[in-house]
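For reference, the structure discussed in these notes is given below.
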Amino acid sequence: MKLNRKQILPALLALLVLAAAGYWLLAPRESRVETISVEMAPASRILAVNGRIRPRLQVDIRPALGGELVALPFDVGDRVGAGQVLARIDDAPETAAIAEAEASVQAQQATLAQARRDLARFEALGQFATRREVEQRRLSVEEGARELSRRRAAVVQAREQRDRRVLRAPFAGVILERPVDPGQTVGLDSVIYRLADLTAPEVTVEVDEAYAAEIRPGMEARVSFPGQAGELRAAVAHVEPRVDPATGARDVRLTLVDGAAEVPSGLTVTVNLVIERRDRAISVPRSALILGGDAAKVRLVGKDGVVSERAVSFIDWPAETVIVTRGLAAGERLLADPEAAQPGEKVRTGR
């Protein structure tokens with residue numbers, strides 16, 4: 001059957017539409033990708049770790065002599081001054097020893113006074129007293145004086161022993177713990193109080209040995225406290241030279257430069273250690289790198305929109321952004337997601 005002209009034209013139009021649609025669907029098209037513009041700018045290497053607040057000074061108050069606690073005037077949270085009496089232990093034995101020693105001193109004073117009177121009397125006799133008698137009285141006086149000094153020293157020793165029953169604060173601070181109660185019998189190993197100076201707290205952090213080697217005293221840091229806006233400046237004060245074999249970490253201690261209000265001992269804080277600052281460097285997101293084997297690569301988008309691949313070197317550091325030391329130049333563009341396109345593929349940028 002032959003088709004007339006009116007039937008041919010619509011058929012041809014339909015074929016053209018189908019062909020155009022097929023070409024549109026099947027023809028290769030440039031995909032749209034997100035890119036990062038490489039820039040030279042100031043950069044820092046930051047090590048983010050958790051730390052804990054620790055007092056600048058902390059000591060366990062223990063008794064020098066055991067016995068019954070007869071006075072324990074402070075409790076947890078109380079502030080005490082340097083030299084203030086913190087506790088008293090029953091000193092009845094020392095008090096009795098002091099009384100006995102003092103009585104002994106008084107008796108010896110009387111004995112010495114009598115010896116001096118006897119010496120004076122024999123010296124007054126002149127030629128009527130033999131030289132031997134005078135020397136005997138003089139020797140008695142000397143021995144009596146030495147004995148008086150010994151007994152006075154015994155009094156001092158007894159008082160010092162009694163003073164050891166009194167526990168005083170070695171510095172001003174806050175009572176953190178009081179594990180005992182009044183009336184309790186304590187020994188040399190008993191902790192009466194745990195005292196701390198919280199006016200200038202320090203921060204301690206544990207840093208993996210792989211990164212701790214780059215930390216030096218004097219390095220700056222920023223400390224964030226939970227529930228508080230902003231950060232406080234800190235400085236590295238000490239890096240423990242020993243690696244803990246159990247954790248593989250080294251302790252780092254920081255002091256707060258700006259000072260801070262008193263915060264609880266043991267509080268967990270966030271610490272950002274500034275390991276390095278560079279005035280000019282190329283920084284890229286770690287997610288833009290293709291990591292595999294010993295080399296790292298990036299995928300660049302050329303001016304013609306064609307994707308290429310290039311090896312780069314960077315400082316491997318536990319951060320979302322890394323510093324690239326070789327392989328990139330300012331003004332180049334690289335794929336934000338390196339899996340968004342393959343090398344040789346032509347793309348359109350989304351920004």
Side-chain angles (χ1 to χ4, degrees), residues 57-76 78-197:
L57 296 173
Q58 180 172 308
V59 66
D60 290 344
I61 306 297
R62 301 175 188 268
L65 298 170
E68 180 185 350
L69 283 168
V70 295
L72 201 64
F74 299 103
D75 207 343
V76 175
D78 289 344
R79 297 174 181 273
V80 298
Q84 193 164 0
V85 174
L86 299 180
R88 294 181 185 274
I89 297 173
D90 181 23
D91 60 1
E94 287 76 19
T95 300
I98 291 172
E100 182 180 351
E102 288 177 341
S104 177
V105 167
Q106 291 175 357
Q108 183 60 26
Q109 286 175 333
T111 299
L112 178 60
Q114 182 60 47
R116 285 171 174 165
R117 287 194 294 270
D118 290 345
L119 174 61
R121 182 166 56 85
F122 272 85
E123 288 178 338
L125 291 175
Q127 60 182 353
F128 298 102
T130 65
R131 182 176 179 182
R132 180 180 179 183
E133 289 176 325
V134 172
E135 288 300 324
Q136 285 179 339
R137 272 43 181 197
R138 183 174 289 114
L139 181 60
S140 295
V141 170
E142 292 175 354
E143 291 178 346
R146 285 196 294 269
E147 178 62 17
L148 179 60
S149 296
R150 187 189 67 78
R151 295 187 184 188
R152 282 174 173 169
V155 172
V156 173
Q157 184 177 7
R159 287 173 177 169
E160 289 177 346
Q161 190 77 350
R162 184 179 63 181
D163 290 343
R164 296 178 69 189
R165 300 280 187 177
V166 179
L167 279 64
R168 298 180 181 273
F171 52 81
V174 177
I175 303 295
L176 297 183
E177 295 182 37
R178 198 203 72 183
V180 295
D181 295 312
Q184 184 173 336
T185 299
V186 296
L188 301 184
D189 294 332
S190 302
V191 176
I192 310 302
Y193 291 108
R194 181 158 288 125
L195 177 68
D197 178 3

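Hydrogens, waters and symmetry mates play no part in the numbers below; they use all other heavy atoms, side chains included.
Between R79 and F74, the closest side-chain pair of non-hydrogen atoms is not below 4.5 Å. With contacts defined as side-chain heavy-atom distances shorter than 4.5 Å, the pair Y193/L72 qualifies. The side-chain heavy atoms of E94 and R165, taken from C-beta on, include a pair separated by under 4.5 Å. Between L176 and Q58 there is a side-chain heavy-atom pair separated by less than 4.5 Å. Residues R137 and V134 have side chains not in contact (no heavy-atom distance under 4.5 Å, counting atoms from C-beta outward). With contacts defined as side-chain heavy-atom distances shorter than 4.5 Å, the pair P170/V59 qualifies. A heavy-atom distance below 4.5 Å is not found between the side chains of L112 and E147. The shortest side-chain heavy-atom distance between I192 and L167 falls under the 4.5 Å cut-off.
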query = When you look at V174 and D78, which way does the side chain to side chain contact (heavy atoms under 4.5 Å, CB included) test go after all the steps?
reply = CA-CA 6 Å; V174 177; D78 289 344; over 6 Å; no
query = Does the side chain to side chain contact (heavy atoms under 4.5 Å, CB included) test come out yes or no for L69 and R88, once each step is laid out?
reply = CA-CA 6 Å; L69 283 168; R88 294 181 185 274; over 6 Å; no
ask   = Taking it one step at a time, do L139 and E135 satisfy side chain to side chain contact (heavy atoms under 4.5 Å, CB included)?
value = CA-CA 6 Å; L139 181 60; E135 288 300 324; over 6 Å; no
message = Assess the residue pair L195 and V80 against the criterion (side chain to side chain contact (heavy atoms under 4.5 Å, CB included)); give the C-alpha distance rounded to whole Å, side-chain angles, the decisive distance to 0.1 Å, and a yes or no.
response = CA-CA 9 Å; L195 177 68; V80 298; 3.6 Å; yes
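For the 3.5 Å distance criterion, the side chains of Q114 and T111 fail to qualify, holding no donor opposite an acceptor.
For R194 and E177, the salt-bridge test passes: some basic side-chain N is under 4.0 Å from an acidic carboxylate O.
For Q157, the CD atom counts as loosely surrounded, since its 6.0 Å shell holds 12 or fewer non-hydrogen atoms of other residues, nucleotides or ligands.
The list of salt bridge (charged side-chain N to carboxylate O under 4.0 Å, His left out) pairs with a residue in residues 123-132, not counting sequence neighbours, reads E123-R138.
With values rounded to the nearest 0.5 angstrom, E133 atom CD is found 8.5 Å from L125 atom CG. Between the CG atom in L148 and the CD atom in Q109 there is a gap of 5.5 Å [rounded to 0.5 Å]. If you take OG on S140 and CG on D118, they are separated by 8.0 Å, rounding to the nearest 0.5 Å. The distance from the CG atom of D60 to the OG atom of S190 is 11.5 Å, given to the nearest 0.5 Å.
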Which pairs would a plain distance check flag for residues 181-189, meaning a side-chain donor or acceptor within less than 3.5 Å of a matching protein atom at least two apart in sequence or in another chain?
unit_1 : atom_1 : unit_2 : atom_2 : d
D181   : OD1    : R178   : NH2    : 2.7
Q184   : OE1    : D181   : N      : 3.2

Side-chain donor-acceptor contacts of residues 95-104 below 3.5 Å, not counting sequence neighbours, with atom names and distances?
unit_1 : atom_1 : unit_2 : atom_2 : d
T95    : OG1    : D91    : O      : 3.0
E102   : OE2    : R159   : NH2    : 2.5
S104   : OG     : R151   : NE     : 3.3
S104   : OG     : R151   : NH1    : 3.1

